[in-house]
Structure formats: structure tokens, C-alpha cells
Amino acid sequence: MNDVDARPYPYQERLAAEGLPELLRVPTGAGKTAAGVLPWLWRRLEHPDTAVRAGEARWLVFVLPLRSLVEQTAAVVREWAANAGLAGAVGVHVFMGGEGRDDDAWRMGPSRTAVFIGTQDMLLSRLLMRGYGESRAQWPVSFGLLHSGVQFVFDETQLMGPGLPTSAQLQGLREQLGTGVPSRSMWMSATLAPQEVCTPDHREVRGVVELGEDDRVGGLAVQLNAVRQVERVEVPESAAAYPAGVAQVLVASHVPGAQTIAVFNTVERAVAVQAALAKLVRRGGPNVVLLHSRFRPPERERLMDELKAPLSATGQIVVSTQVLEAGVDLSSRVLFTEAALFSSVVQRAGRCNRAGEFPEGANLLWSPPPSGRGQYAPYEPEDVETAVEALTSLEGTCVTSTTLQEMPVVAKPVVHPVLRRRDLLQLFDTMPDLSGADIDVSQWIRDGQDTTALVAWRDLTDGRPGEREVFPAREELCPAPVGDLKTIAKDSLGPLWVLDAAEGAWRRAQFADIRPGAVLLTSTASGWYDSKLGWGLKHRGPVTSLVRTGRVPDGMSKDDASCADRWVDLIELRTSNGKSGCWQKAWLRWTGCPPGTLRRLGWAVAITT
């Protein structure tokens with residue numbers, strides 16, 4: 001469903017009538033986002049049968065692999081709710097790290113119908129009771145609320161890595177251990193096979209929805225039948241000459257007045273190609289935009305606005321990474337892609353002639369990645385070579401998104417760490433160990449080579465945070481590779497600062513503090529960021545601070561609002577606030593613990609209603 005006045009596609013109507021399945025397999029551009037939200041919303045608030053309304057989950061949690069997709073999806077969901085006259089009845093909350101104005105609002109009204117949109121890092125870490133960028137005291141609260149009475153939707157699963165089996169395991173464990181209110185999960189992708197979400201505790205997929213014959217006529221048929229001609233382009237194989245060679249191909253292939261998109265497998269190559277384009281494109285030529293995952297939200301929002309603005313007579317060349325591979329409603333006359341995992345190539349091709357706006361067809365250009373260190377990153381060499389063979393077999397032909405999706409290309413099975421029941425129960429102990437470290441849950445959330453922490457820049461007096469330094473707001477935070485930050489933190493007197501969870505004070509970050517999801521402060525004089533290029537160790541010069549009024553952090557020994565002078569029995573707590581009883585029972589049933597266990601182990605339970 002693309003327009004406010006358009007009718008839903010037939011498969012979307014089936015979802016509204018029957019409810020969300022566990023697996024939704026439809027091509028790119030076929031309205032998966034709307035299918036993941038609007039049928040649930042209608043069944044929850046507008047369905048004529050009161051039993052159906054009561055049976056739908058009170059919350060829909062929409063999980064995305066990339067930060068760039070979160071803001072776009074949140075804006076669209078808010079627009080849908082407003083168009084339906086439901087803006088006041090449906091809360092829309094965003095999980096992207098850092099302090100936000102509504103971070104506590106959703107906890108204060110757990111019975112209110114709401115949509116949550118966030119990255120897999122932020123949401124899966126909360127489902128594992130180690131919420132990235134979240135205070136320790138809130139870990140069990142988020143865990144308890146997000147595991148009861150929720151409809152999960154996992155989108156663009158080909159980018160989730162170990163987060164995919166983790167999401168399936170959590171669904172299976174919820175069903176085995178029981179929750180106060182049942183929760184369900186739906187996975188969406190153009191290329192996901194049912195066996196990919198079958199795990200030791202989630203053994204089968206219940207319900208698969210794909211396009212029917214009635215979907216292949218009408219407005220959707222134009223998109224499904226849009227063609228792209230596949231062509232391999234000759235570019236230098238050496239890493240040093242590759243960026244300039246690709247830049248020349250892009251300029252030569254670009255059609256004035258149209259949009260050209262180039263998608264690269266790594267941020268480093270995208271930045272190098274953008275630099276080469278800047279030298280080639282003279283004043284009066286096409287606009288060149290660089291977009292990747294390592295920008296702060298305000299700069300990323302500005303770049304997204306630039307992408308969506310009307311094209312000039314000279315057109316636009318967009319240089320990007322996997323952030324444009326999924327979910328972003330953007331199309332091009334010419335699309336260049338490096339050979340990658342074939343399912344990723346299918347997704348990227350969906351950004352070429354996306355709506356069939358070029359009846360004569362469009363151009364899908366490709367080349368293998370350059371030789372040298374990190375040639376195949378972040379993919380396995382066998383998968384890239386398999387994609388090269390598949391694309392070579394299509395040379396000179398015109399393909400549709402359906403043609404690509406149905407090609408029998410099988411990727412090498414990837415073995416990810418699997419979250420088991422004993423792992424989950426171990427996470428209920430939220431105390432740090434003797435070294436001050438916590439159990440690292442990143443192995444169940446992201447691939448090791450794809451992990452990031454979050455950095456905020458401040459005007460620090462003498463290079464040190466003040467005693468009343470507020471915790472970073474999400475507008476300040478830039479994702480940065482853990483490897484880069486560990487390089488910086490090797491010096492114990494380095495310029496990175498981390499919040500001490502016990503004392504509630506900022507201290508210099510040590511090597512062990514640099515972990516996925518960590519929130520770090522540094523001085524604006526440190527550099528490492530450019531508003532047009534994003535994060536990079538080579539970027540010099542001062543960085544503009546985006547500090548906003550926020551919360552002064554507290555420590556485990558300073559959080560007066562969460563402490564009491566004696567242990568409080570759950571029965572007493574339920575008596576003093578009857579509404580909280582259902583949440584306490586849900587908590588205990590989910591954990592599988594007898595009522596006294598939480599007190600004996602020293603776990604504090606915070607219940608908000």
C-alpha cells in the first residue's frame with residue numbers, strides 16, 4: 001500500500017483478516033512495512049469483533065537491522081496513525097540509543113496500544129536484559145515489559161546475522177517457559193527460507209504468506225514486472241585504483257535528470273569512491289551524496305532529506321553501503337553494486353526501477369570487489385563467488401525482482417552462537433563481576449566484525465567531563481566501529497570517557513570498556529567525525545557539539561528513587577498497588593522462578609504502571 005487513498009494489496013487484506021503469520025515472503029517494494037503494521041493496528045483497534053481486538057498484542061515491536069531505517073519507519077507509522085485519526089490512541093516510540101524524551105513514557109503506560117521501532121542492537125539487548133545505552137536499573141523493567149503481550153516484527157532479516165536465530169530462540173523459549181500474556185513473532189524478507197528461523201527451541205514456522213495470483217495484477221504488477229538489464233563493468237582490480245575506476249564508470253553511466261545509486265560492501269570503499277567522484281564531478285554536474293551508517297542522527301536526517309528532494313536537471317549520484325539495501329524507498333535509473341551475498345544483491349536491485357517508472361528498463365551494473373585485504377568483507381568469500389557466478393549467468397538479460405528472488409542460489413550456511421535456556425537464565429543476574437564487567441550479549445546480536453559503540457562529542461573543560469555532565473541524548477550519538485575505538489583506548493590516558501555504573505561518574509575508558517553498545521564521551525577537539533563524511537579516524541579538526549539538556553547520570557549507590565531501606569515482599573507490593581500484580585506474576589512465570597527467588601538472589605524488581 002503506497003498512497004493514502006490506495007486500496008491495500010490482496011495479501012495485505014489477508015493479513016488483516018487472518019492475522020500476522022510467522023513468515024512473510026514478498027519482493028522488495030511490495031509494501032512489507034505497511035503489511036507489518038497496519039493489519040495489526042486495524043485488528044487491535046478497529047476490528048468489529050471484540051474478541052479479535054482483545055486477542056491482539058497491545059504492543060507491536062518493529063525490529064530493523066539498520067539505524068537509517070528506524071527514523072524513516074517511525075515517520076511513516078506516525079503519518080499512518082494520524083491519517084487514520086489514531087494519533088492520540090497509539091504511542092510511537094523509537095529505540096536508537098542515548099537518552100530520549102520518551103524513554104520513560106512507554107514504561108509508565110504499559111497497557112496503552114503502542115508501536116516500538118528500533119534497531120536489533122537496542123531491542124535484542126533489552127530482550128536479553130542488557131539494554132544498550134540503558135541504565136542498569138532499567139534492564140529488568142524493559143525485559144519484563146517487552147516479553148509479555150507483544151507482536152514482534154523482524155524486517156530485512158538477511159542483514160540480521162546472529163540476531164535472526166536469537167529472535168527465533170526467544171520466541172521458542174517464551175512459548176516453553178510461559179509468559180503472562182502470549183507474544184508472537186513475524187519475520188519479513190524477500191529471500192528468507194522457513195528453515196532459517198528454525199532453531200532448537202523454535203522448531204517450525206507456523207504460517208507462511210507469499211504473493212498470490214490476485215497480487216500479480218493491478219498496481220503491484222507494474223512493480224513486479226519492472227526490468228533491469230544486468231551488465232558487468234570493467235574496473236581496476238587493485239584496491240588503490242578501484243575507487244577512481246568506479247567513479248569514472250558512474251559518471252559515464254549517469255543519466256542527466258535521473259538518479260544513480262552505487263552500493264558498496266564497506267564504508268571505507270564508499271568513502272573512497274565519494275572522494276574520487278568529488279574530483280571528477282565539476283560544478284554544474286550531478287549532485288553527489290554519501291550515506292552510510294556512521295553518522296549522527298541530525299546529519300543523517302539532512303542527507304536523507306537531500307536524497308528525497310526533487311532532482312535537478314543534472315540529477316544525483318548516491319554513494320552508499322547496506323543502509324540503502326533495505327527498507328529505504330528510493331529508486332534509480334542506474335544502479336551499481338559490488339558482488340555480495342546474493343540475497344543482498346536482490347535487495348539492492350530493488351532500488352533500481354523500483355516502481356517501474358522507467359518502462360524502457362534500467363541498468364543494473366556490477367563488479368567483483370577489489371583484491372587486497374578485506375576483499376570480501378563483511379561476507380564469506382564463497383558467498384561472493386557464488387553471487388559472481390549467478391550474475392555472470394544473467395549477463396545482458398533483463399530481470400525482474402521476482403526473477404532474481406526465484407534464482408536457486410544457495411548461500412553457505414553460517415553458524416552463529418545460539419542462545420540457549422541456560423544462557424537466558426544466567427542473564428537474570430545483572431550484577432557486574434569482580435572486574436566490573438557484565439556478561440557480553442553481543443555474540444547473540446551482531447557479527448563480531450559488525451559491532452559498534454556510540455560516541456558523543458562535548459566541549460570539555462581541560463578535556464574532562466564535569467561532575468554534572470549529562471548523559472548523551474540520541475541526537476548526539478554516532479555509531480563507531482569497536483575496533484577503531486579500541487585502537488584509541490589502548491592509551492590509558494586516551495580521550496574517551498565512559499560512565500561508571502557503580503559510581504555514576506565519568507571516568508577514562510579502558511580497553512575493556514570498549515564493547516558493543518557502550519556510550520562514550522570525547523572532546524570536540526578529538527576529531528574523528530565530519531558532518532559530510534561521518535565517522536573516520538583520519539578526520540581531523542573540531543567537531544560541533546550537539547549537547548542538549550538531559551539527565552545527570554546516577555550510580556547504583558546513588559539512585560534514591562530505586563532504593564528502599566528494607567526488602568519488600570512481592571505480596572506486600574501487590575497489595576499496595578493492585579495493578580502491578582499481573583506484571584509481577586508475568587515476570588515470575590516468564591522466569592520460571594519460585595516467588596522467593598528474586599529476593600534471595602538480590603534482584604530488584606521495578607514495576608511501573
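- Side-chain atoms of Arg203 come within 3.5 Å of backbone N or O of Pro200 as a donor-acceptor pair.
- Contact annotation: the side chain of Trp80 approaches that of Thr33 to within less than 4.5 Å [non-hydrogen atoms, C-beta and beyond].
- The closest donor-acceptor contact from the side chain of Trp40 to the backbone of Ala57 lies under 3.5 Å.
- A side-chain donor-acceptor contact under 3.5 Å links Arg44 to the backbone of Glu56.
- In terms of modelled atom types and a separation under 3.5 Å, the side chain of Thr166 and the main chain of Trp444 share a donor-acceptor contact.
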- Message: side-chain contact (heavy atoms from CB on, under 4.5 Å), that's the test. Do Leu170 and His147 meet it? Break it down for me.
- Response: CA-CA 9 Å; Leu170 287 172; His147 272 299; 4.1 Å; yes
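- Counting heavy atoms from C-beta outward, Arg14 and Asp215 have side chains that approach closer than 4.5 Å.
- Between Val94 and Val70 there is a side-chain heavy-atom pair separated by less than 4.5 Å.
- For the residue pair Arg174 / Ser183, no side-chain donor-acceptor distance below 3.5 Å is found, with atom types taken as modelled.
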- Task: Give the C-alpha distance, both sets of side-chain angles, the deciding distance and a yes or no for side-chain contact (heavy atoms from CB on, under 4.5 Å) between Arg43 and Leu15.
- Result: CA-CA 10 Å; Arg43 290 173 63 86; Leu15 297 184; over 6 Å; no
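- Judged purely by distance below 3.5 Å, without hydrogens or angles, the side chains of Glu134 and Ser142 pair a donor atom with an acceptor atom.
- You'll find the side chain of Arg294 reaches within 4.5 Å of the side chain of Val267, heavy atoms only.
- Looking at heavy atoms from C-beta onward, Asn265 lies in side-chain contact with Pro378 at the 4.5 angstrom threshold.
- Screening Phe62, Trp59, Phe152 for a ring pair (Phe, Tyr, Trp, His ring centres under 6.0 Å) with Phe116, the sole residue that qualifies is Trp59.
- Put simply, the side chain of Glu71 never gets that close to the backbone of Glu301: no donor and acceptor are under 3.5 Å apart.
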- Task: With side-chain contact (heavy atoms from CB on, under 4.5 Å) as the test, would you mind laying out the steps for Tyr376 and Asp383 before giving the verdict?
- Result: CA-CA 9 Å; Tyr376 298 103; Asp383 290 336; over 6 Å; no
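- Closest approach of Ala453 to Arg515, counting heavy atoms only: CB-O, 3.7 Å.
- Checking side-chain atoms of Arg126 against main-chain N and O of Tyr132 turns up a donor-acceptor pair under 3.5 Å.
- Using a 4.0 Å cut-off between charged nitrogen and carboxylate oxygen, Asp201 and Arg421 do not count as a salt-bridge pair.
- Counting only distance, with no hydrogens or angles, the side chain of Ser320 and the backbone of Leu291 share a donor-acceptor pair below 3.5 Å.
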- Task: Starting from the C-alpha separation in whole Å, work towards a yes-or-no answer on side-chain contact (heavy atoms from CB on, under 4.5 Å) for Leu23 and Val197.
- Result: CA-CA 9 Å; Leu23 179 57; Val197 286; 5.5 Å; no
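- Minimum interatomic distance between Arg136 and Thr430 (heavy atoms only, all atoms of both residues): NH1-O, 2.6 Å.
- Annotation for Gln347 and Ser189: closest pair NE2-OG, 4.2 Å, computed over non-hydrogen atoms.
- Heavy atoms of other residues, nucleotides or ligands lying less than 6.0 angstrom from CZ of Arg422 number 12 at most.
- In summary, the side chains of Gln171 and Ser185 do present a donor paired with an acceptor at a separation below 3.5 Å, with no hydrogens or angles considered.
- The shortest heavy-atom contact between Leu69 and Val323 is CD2-O, 4.1 Å.
- A heavy-atom distance below 4.5 Å is not found between the side chains of Val441 and Asp423.
- A donor-acceptor pair under 3.5 Å is absent between the side-chain atoms of Glu338 and the main chain of Phe264, judged by distance alone.
- Between Met188 and Met186, some side-chain heavy-atom pair lies under the 4.5 Å cut-off.
- Side-chain atoms of Trp535 do not come within 3.5 Å of backbone N or O of Pro479 as any donor-acceptor pair.
- Counting only distance, with no hydrogens or angles, the side chain of Thr113 and the backbone of Val90 share no donor-acceptor pair below 3.5 Å.
- Contacts of Glu210 classified as side chain to side chain donor-acceptor pair (under 3.5 Å), with partners at least two apart in sequence or in another chain: Arg25.
- Residue Leu477 comes nearest to Pro297 through the heavy atom pair O-CD, 3.3 Å, listed as atom of the first residue, atom of the second, then distance.
- Looking at heavy atoms from C-beta onward, Thr386 lies in side-chain contact with Val409 at the 4.5 angstrom threshold.
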